[in-house]
Each structure stands twice: as C-alpha cells, then as structure tokens.
Amino acid sequence: MAKEELIQFEGLVTEILPDARYRVQLDTGHEIVAYTAGKMKKNRIKTLAGDRVTVEMSPYDLEKGRLIFRHKDERPSSAGAPRAPQRGGQFRRR
C-alpha cells in the first residue's frame, strides 16, 4: 500500500529556529514550522531567512512540514565578480 499523497507548497523562510527548524510563511498566507530534508542536509544546502523554498506537508498535520528545495535567488551574487590577483604566484607561504 502506498503512502498518503504529500502536498507541496511554496513559501518564504521568515525565521531560523533551533534544531535546524524554520518558520515559513506560505504563499497561501499560513505560517508553519518546517525542518530540513535529509538530502538537503547531506548535500549541505544552507537555508537563510528570506529564501524561497518548497515545503512538503502531510494532509493530516498542516502545521508542520519538510523543506525539500531551496530556490535560487534572482539577486546578483559576488561569485561571478572577478577577484583580485594574488601576489606571489601559485604557491603560498607558510
């Protein structure tokens, strides 16, 4: 017998709580407490306040959920900016 079908919602992380839990404001207006899914922990995906996320919830308990995906943000990051060249060549001094 298959598990009960899980419901997916999108929302915004509003607060980081202890024990890897987050307060999430869903697009529907509800506010829930969610924890990080195992694959996100395994791949070390960090979630910060203000991130857009996808939350998976059971139809039996609509107050708790599991973060299963963190959406990439549209704001420009500093990762694409050119870095200043290091002096001294390719080897580092101790």
Side-chain angles (χ1 to χ4, degrees):
M1 187 108 194
K3 283 186 179 178
E4 192 66 35
E5 191 66 31
L6 298 173
I7 307 168
Q8 290 187 3
F9 292 102
E10 289 192 16
L12 185 72
V13 176
T14 57
E15 185 181 359
I16 300 174
L17 303 171
D19 294 334
R21 296 187 185 270
Y22 304 92
R23 191 169 311 277
V24 179
Q25 179 79 33
L26 299 178
D27 291 343
T28 59
H30 291 85
E31 193 165 294
I32 65 164
V33 173
Y35 64 93
T36 308
K39 286 207 176 208
M40 290 180 69
K41 287 181 186 176
K42 178 183 166 193
N43 293 310
R44 295 189 177 123
I45 297 173
K46 302 295 181 199
T47 306
L48 302 173
D51 285 347
R52 298 277 312 158
V53 292
T54 301
V55 180
E56 194 173 63
M57 297 171 57
S58 167
Y60 299 112
D61 188 3
L62 298 175
E63 297 296 316
K64 294 185 231 170
R66 177 174 51 224
L67 297 183
I68 59 170
F69 189 79
R70 182 179 64 88
H71 298 277
K72 295 188 186 249
D73 29 335
E74 291 79 27
R75 56 189 137 125
S77 65
S78 62
R83 292 177 29 184
Q86 294 179 346
R87 59 183 186 119
Q90 101 190 61
F91 297 106
R92 257 184 20 185
R93 252 183 232 202
R94 291 185 190 215

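Note that the structure is a prediction, hence the values are computed from the model and not measured.
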Q. Roughly how far apart are Lys39 NZ and Phe69 CZ, rounded to 0.5 Å?
A. 13.0 Å

Q | Distance, nearest 0.5 Å, that separates NZ of Lys46 from NZ of Lys41 | A | 11.0 Å

Q. Between Thr47, Leu12, Asp51, Val55, which is the residue that forms a side-chain contact (heavy atoms from CB on, under 4.5 Å) with Val24?
A. Val55

Q: Would you please name every residue forming a salt bridge (Lys or Arg N to Asp or Glu O under 4.0 Å) with Asp27, sequence neighbours left out?
A: Arg52

**Q.** Same apolar cluster: Ile16 and Ile45, side chain cutoff 4.5 Å
**A.** yes

Q) If Ile, Leu, Val, Met, Phe, Trp and Tyr residues are connected whenever their side-chain heavy atoms lie under 4.5 Å apart, and connections chain through other members, are Tyr35 and Ile7 in the same group? A) no

**Q.** Main-chain N/O of Ile68 paired to Thr54 side chain as donor or acceptor, under 3.5 Å
**A.** no

Q) Transitively linked via ILVMFWY side-chain contacts under 4.5 Å: Leu17 with Met40? A) no

(Q) Could you tell me if the side chain of Tyr22 sits less than 4.5 Å from the side chain of Thr36, heavy atoms only? (A) yes

Q | Pairing residues for Arg66 by the salt bridge (Lys or Arg N to Asp or Glu O under 4.0 Å) criterion, not counting sequence neighbours | A | Glu56

(Q) Do Leu67 and Leu26 sit in one hydrophobic cluster, given that two such residues count as connected whenever their side-chain heavy atoms are within less than 4.5 Å of each other, even indirectly? (A) yes

Q) Would the number of heavy atoms belonging to other residues, nucleotides or ligands and lying under 6.0 Å from CZ of Arg21 be above 12? A) no

Q | Ile32 vs Met57 side-chain heavy atoms within contact, under 4.5 Å | A | yes

(Q) Atom NE2 of residue position His30 - does it have more than 12 heavy atoms of other residues, nucleotides or ligands inside 6.0 Å? (A) no

